[in-house]
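Following: one structure in structure tokens, then a few remarks.
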Amino acid sequence: MKHISILLLFMVMIACDDIIEVEDISNESVVLLAPINEAVLDTLGTTFTWEPLAFADSYLLQVATPSFESASKIVIDTTITKTSFSKLLKVNAYQWRVRAENSGYHTDYSKQSFSVEK
């Protein structure tokens with residue numbers, strides 16, 4: 001009986017090792033599509049879009065005003081599975097960034113600046 005228990009434990013460990021393997025995306029980059037860097041938008045409705053990254057399960061999207069280095073406010077901080085997100089923003093200068101994530105790894109942030117003017 002003891003040998004069977006050890007054999008079962010060994011089989012479970014091998015099976016778990018196969019399940020736990022996750023693709024390392026930490027050296028990849030998210031390609032931001034819109035709004036492009038230094039864009040001046042004349043509408044309050046802003047849609048953020050980026051290219052999907054292979055092996056990413058979700059994306060962390062953040063938007064700060066006026067920038068992350070001197071943020072007076074984080075206006076968006078959300079994790080989503082899609083590659084776009086829409087939000088009404090006030091007239092102001094902004095910086096946005098996205099990183100891809102999976103259960104074991106994440107990329108560095110890709111970021112761009114834009115402004116909303118009326």
Residue pair [X] / [Y]: nearest heavy atoms and the distance that separates them:
X: Asn37; Y: Gln112; result: OD1-CA, 3.4 Å
X: Ser70; Y: Ser67; result: OG-OG, 3.1 Å
X: Pro35; Y: Phe48; result: CD-CD2, 3.6 Å
X: Ser86; Y: Thr47; result: OG-OG1, 2.8 Å
X: Thr81; Y: Tyr59; result: O-CE1, 4.0 Å
X: Ser29; Y: Leu53; result: O-CD1, 3.9 Å

Would you indicate whether the side-chain heavy atoms of [Y] and [X] approach each other to under 4.5 Å?
X: Val63; Y: Lys87; answer: no
X: Glu38; Y: Ser113; answer: yes
X: Asp108; Y: Val30; answer: no
X: Val40; Y: Ser115; answer: yes

So how far is it from [X] [atom1] to [Y] [atom2], rounded to the nearest 0.5 Å?
X: Thr49; Y: Lys82; atom1: OG1; atom2: NZ; answer: 14.0 Å
X: Trp50; Y: Leu32; atom1: CH2; atom2: CG; answer: 8.5 Å
X: Lys111; Y: Gln62; atom1: NZ; atom2: CD; answer: 11.0 Å
X: Leu61; Y: Thr79; atom1: CG; atom2: OG1; answer: 9.0 Å
X: Tyr105; Y: Ile25; atom1: OH; atom2: CD1; answer: 10.0 Å
X: Asn102; Y: Glu23; atom1: CG; atom2: CD; answer: 8.0 Å

Are [X] and [Y] grouped together when hydrophobic residues (ILVMFWY) are joined by side-chain heavy atoms under 4.5 angstrom apart?
X: Leu89; Y: Phe68; result: no
X: Val75; Y: Trp96; result: yes
X: Phe55; Y: Val31; result: no
X: Phe85; Y: Tyr109; result: no
X: Phe114; Y: Ile76; result: yes

Main-chain N/O of Ala93 paired to Thr65 side chain as donor or acceptor, under 3.5 Å: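 Answer holds: yes.
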